[in-house]
Amino acid sequence: MNDFSEEDAFEAAVPLSQRAMAQRPTPYLDSLNPAQREAVETLHGPVLMLAGAGTGKTKALTTRIAHLLSTGTARPHEILAVTFTNKAAREMKERIGALMGEAVEGMPWLGTFHSVCAKLLRRHAELVGLKSNFTILDSDDQVRLMKQLIEAAGIDAKRWPPRMLSGIIDNWKNKAWTPDKVPDADHAVFDHQGVALYSAYQQRLRDLNAVDFGDILLHMVTIFQKHPDVLDQYQRWFRFILVDEYQDTNIAQYLWLRLLASKDKNICCVGDDDQSIYGWRGAEVGNILRFEADFPGAHVVRLEENYRSTPHILAAASGVIATNKGRLGKTLFTSREDGEKVRLIGHWDGEEESRWVGEEIEAMQRGTRCMMPMGLDRMAILVRASHQMRAFEDRFLSIGLPYRVIGGPRFYERMEIRDAMAYFRLAVSHDDDLAFERIVNTPKRGLGEKAVQTIQRTARENGVSLVEGARLVCQGKLLGGKGLKELSILVDALDRWRGQVIAESDTHVELAEMILDESGYTGFWQNDKTPEAPGRLENLKELVKALENFENLQGFLEHVSLIMENDTEEQGEKVSIMTLHAAKGLEFPAVFLPGWEDGLFPSQRSMDESGVKGLEEERRLAYVGITRAEEICTISFAANRRVYGQWQSQLPSRFIDELPEEHVEVLTPPGLYGGNYGAAGMSSATIAGTTQSNLHQKAHSADVYDSPGWKRLQSRSQDRGQAAKPRAQSITIDLEAVSAFTVGDRVFHQKFGYGELIGIEGDKLVIEFDKAGSKHVMARFIVAADQADDIPF
DNA sequence: CCTCATATACTTTTT
DNA sequence: GTATATGAGG
């Protein structure tokens, strides 16, 4: 290939690294610490940069690239730099630009694994039976295809859900297994049909000239493995390779990198094994652990000086992560000496937890909590699972606290956007069967399942695309009145739009608007009276606006599938709410980590599915969470939580036990008298292990005693001569309260619902609840079942 | 063919 | 509790 000859000559003639060094001054090196500097200046040979949280990883990485460029060691196009997110790629570009003073033209090969590989794959698509204009399917398309294949194979899609198959195949692809490489042990999955369906799926993708996300990597690995000449080109082309977040690479990515790097071995991988949190998605921590074996003589640099967090926060994070086995091991340190301890607080239930967090945020905002008022955008709530966000959203909505959810449903994954895109795709290419299927009956055209089947059959019989099939159906009048009319209107419209795409008679933005209009799609949402309809129309407007940044529809469609980003950065100071995963790479002065309860965090599912490995990944997630905090880190848990409609009592997370006591301050919930539960001297272990019932008491006093319902209950109990004295004399009362019940009684609890008393232990009643299972509950929370209806909770 | 009602299962995390 | 899938009725 001619592309390379020029570079090769250049390389041969000039010992670049020394000679070019003089070309530009290197002032940027001065702001680096010794470890960073070593990582930046070791330009040749394999380098593993172990960069703990907040140690200036991105700085080192971008400075390294700047150094490669300004010393003349490499030219921009000779550097392959891969990240996982578009955001990381963009940030790197910006920072390199800043370092180099705008002097560099963009780096063409700095991007995400997927965008770089897609670009390469388009050049060599024919080697895996594709055309270079292949489309990239998202998981939605993937699942729909899967469903068709499953049904075609005569398998009950109910018992064998397409989603599951899609997940299995994704995993195989992450391991770089083509259908023929799936090991025997995996053949039993999916009713022994998994591999056959995998083959069928791959064939179908090829027919559609499409790839899914996993394919982008998998095909590249296949090409490199089967075509040494192609590999050789790129080995010479990419003289320097840099990889961000190496701990998150899966096997396919690993193989791809190793193939590319095996010649010059100028590869620099940056990562932190302690922040590997994508194992469930196929990431292999092993890749980073194995680096030195893969690249003998590798230079290992540890970045351990943390510039982000206070010593207490660092120590707490270190304490938690220390429990994990098989780490490469780093010891974070900081020169800071100030700072608050990590704060720990328990609550009665999730509702109280969100209320407390809300109040705390407002206090910080006003400056009553800390010395200085803190802006809302400097605070974040990091949750384990997205459903935890709701409690906070509800609460913040009701108190009018501005918040922003990060990483919610992505813009390009929203239904209306995907529908609109399907129209665009069809306008550009009538061959896009998936797009056609998506929109035939959206908006409703009276074309139901039967009509679609007719179209599909016709298309298949004639060996044409669905659009052409539909045309034949219209011509042959194979369909009834209304459907037929609507279908021919649709086909005509598609023809017209495509004509305009080709003729370029309008700007693509105008065309897009016209398509949405004439298809009836805009009107469809205008007539929709559901509350989300206005938002969807708004999104469509945004989509059209986003089009303006592209040359034409084709260009837009090609880029969009890989740039799934939520660019709608609303203005204004808001608290951020996001998952721990979404928080990786971010930092905030104040961080709240709610829901630290066993089963929730660590997630039961992780532990069930992946055992110790899963638990360790959860622990790394905890580590990531804590290390997001710069100044104040607040961990909380609730004693009770509603999990899909059912109340469950929760145990504090085992990670709480792992927090080193001397770096933790246990808070007493507000509005409570001190009692024995004051913060002073109480260890995390105490909270975690033994004080749950105390928390019940405390929270109960705050929550329930003030409520009218409780007061009424109290007065009624008094009438009946039962326990109803002030709570300060709790033990006596509890024993009295217990005596009011007999085993076998039908009872009611405010949150657990109805149940049967099956035993009495001390001041607690053992109750088998109908819905919430068996629990030990203090007697004063319990009423006889026949009185339950009177309680106006 | 569409709309409405009921049943059901599902909840980690996502390039 | 929520979203989705199925069924009856219009």
Side-chain angles (χ1 to χ4, degrees), chain A residues 82-89 111-118 136-140 142-143 147 157-159 161-164 166-167 170-171 173-174 212-217 244-245 248-250 252-253 276-283 350 382-391 394 406-410 412-413 415 440-441 443-452 479-484 486 561-566 578-585 595 599-610 614 617-618 620-621 624-625 641-648 771:
Chain A
V82 280
T83 64
F84 276 88
T85 65
N86 294 301
K87 197 175 151 204
T112 64
F113 275 98
H114 292 276
S115 63
V116 167
C117 283
I136 299 168
L137 266 45
D138 60 26
S139 53
D140 215 62
Q142 214 179 6
V143 172
K147 192 173 173 207
K158 190 111 196 227
R159 277 195 58 203
R163 265 215 141 26
M164 183 187 186
S166 163
D170 270 349
N171 282 336
K173 289 185 175 178
N174 287 338
D212 63 23
F213 274 83
D215 277 340
I216 296 177
L217 262 302
D244 192 17
E245 308 278 17
D248 289 337
T249 50
N250 62 32
Q253 288 156 340
S276 163
I277 55 175
Y278 284 106
W280 52 274
R281 211 172 71 185
L382 313 183
V383 297
R384 174 64 183 85
S386 52
H387 63 77
Q388 290 172 262
M389 294 180 181
R390 248 190 73 177
D394 285 350
I406 308 241
R410 289 180 177 357
Y412 289 109
E413 277 167 12
M415 190 209 317
V440 240
N441 204 27
K444 299 275 188 292
R445 293 191 175 88
L447 297 162
E449 208 178 323
K450 240 178 69 190
V452 172
L479 229 58
K482 190 188 169 216
L484 182 72
E486 291 281 349
S561 46
L562 285 169
I563 310 168
M564 298 281 215
E565 278 193 271
N566 222 344
M578 68 188 93
T579 63
L580 287 162
H581 285 88
K584 194 168 80 157
L600 218 200
F601 187 40
S603 134
Q604 192 58 51
R605 192 154 164 177
S606 291
M607 294 188 291
D608 290 348
E609 282 173 9
S610 316
E617 182 153 314
E618 295 287 306
R620 292 193 289 268
L621 216 35
V624 167
R641 198 173 285 279
R642 197 159 46 184
V643 186
Y644 23 20
Q646 306 254 292
W647 282 94
Q648 271 195 297
K771 291 189 169 167

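Both backbone and side-chain heavy atoms feed into the values below; hydrogens, waters and symmetry mates do not. Chain letters run A, B, ... following the sequence lines, proteins first and then strands; every chain starts at 1.
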Go through B/dT11, B/dT13, B/dT14 for me and flag the one nearest to the A/Ser386 side chain. B/dT13
Should the pair A/His581 and A/Trp280 be assigned to parallel (<30°), tilted (30 to 60°) or perpendicular (>60°) ring geometry? perpendicular
Atom-pair distance (CG on A/Asn174; C1' on B/dT15), nearest Å: 10 Å
Is there a donor on the side chain of A/His387 or the base of B/dT11 sitting less than 3.5 Å from an acceptor on the other? no
Give the nucleotide from the list B/dT14, B/dT11, B/dT15 with an atom nearest to the side chain of A/His114. B/dT15
Counting side-chain heavy atoms from CB outward, which of B/dT11, B/dT13, B/dT15 is closest to A/Thr112? B/dT15
So, is A/Thr579 close to the B/dT14 phosphate, meaning a side-chain N or O under 4.0 Å from OP1 or OP2? yes
What's the closest nucleotide to the A/His581 side chain, out of B/dT13, B/dT15, B/dT11? B/dT13
Between C1' on B/dC10 and CG on A/Leu600, what's the gap in Å once rounded to a whole number? 15 Å
Using whole Å, what does the distance between atom C1' of nucleotide B/dT14 and atom CG of A/Asn250 come to? 13 Å
Tell me: CZ of A/Arg620 to P of B/dT13, nearest whole Å? 18 Å
Considering only nitrogen or oxygen atoms on both sides, find all protein atoms under 3.5 Å from nucleotides 1-3 of chain B and state each distance.
residue : atom : partner  : partner atom : Å
B/dC1   : OP1  : A/Gly448 : N            : 2.9
B/dC2   : OP1  : A/Asn441 : ND2          : 3.3
B/dC2   : OP1  : A/Gly446 : N            : 3.3

Rounding to an integer number of Å, can you tell me how far A/Glu609 CD sits from B/dT13 P? 13 Å
Applying salt bridge (charged side-chain N to carboxylate O under 4.0 Å, His left out) to A/Glu245 and not counting sequence neighbours gives A/Lys57, A/Lys584
Let me know the distance between CD of A/Gln646 and P of B/dA9, rounded to the nearest Å. 15 Å
Return the polar atom pairs (N/O with N/O) between nucleotides 1-7 of chain C and the protein under 3.5 Å, or none.
residue : atom : partner  : partner atom : Å
C/dT2   : OP1  : A/Arg390 : NH2          : 3.4

Short side-chain to backbone donor-acceptor contact, A/Gln646 and A/Val643, under 3.5 Å: no
Check the angle between the aromatic planes of A/Phe113 and A/Phe84 and answer parallel, tilted or perpendicular using the 30° and 60° thresholds. tilted
With centres under 5.5 Å and planes under 30° as the test, does A/Trp280 stack with B/dT13? yes
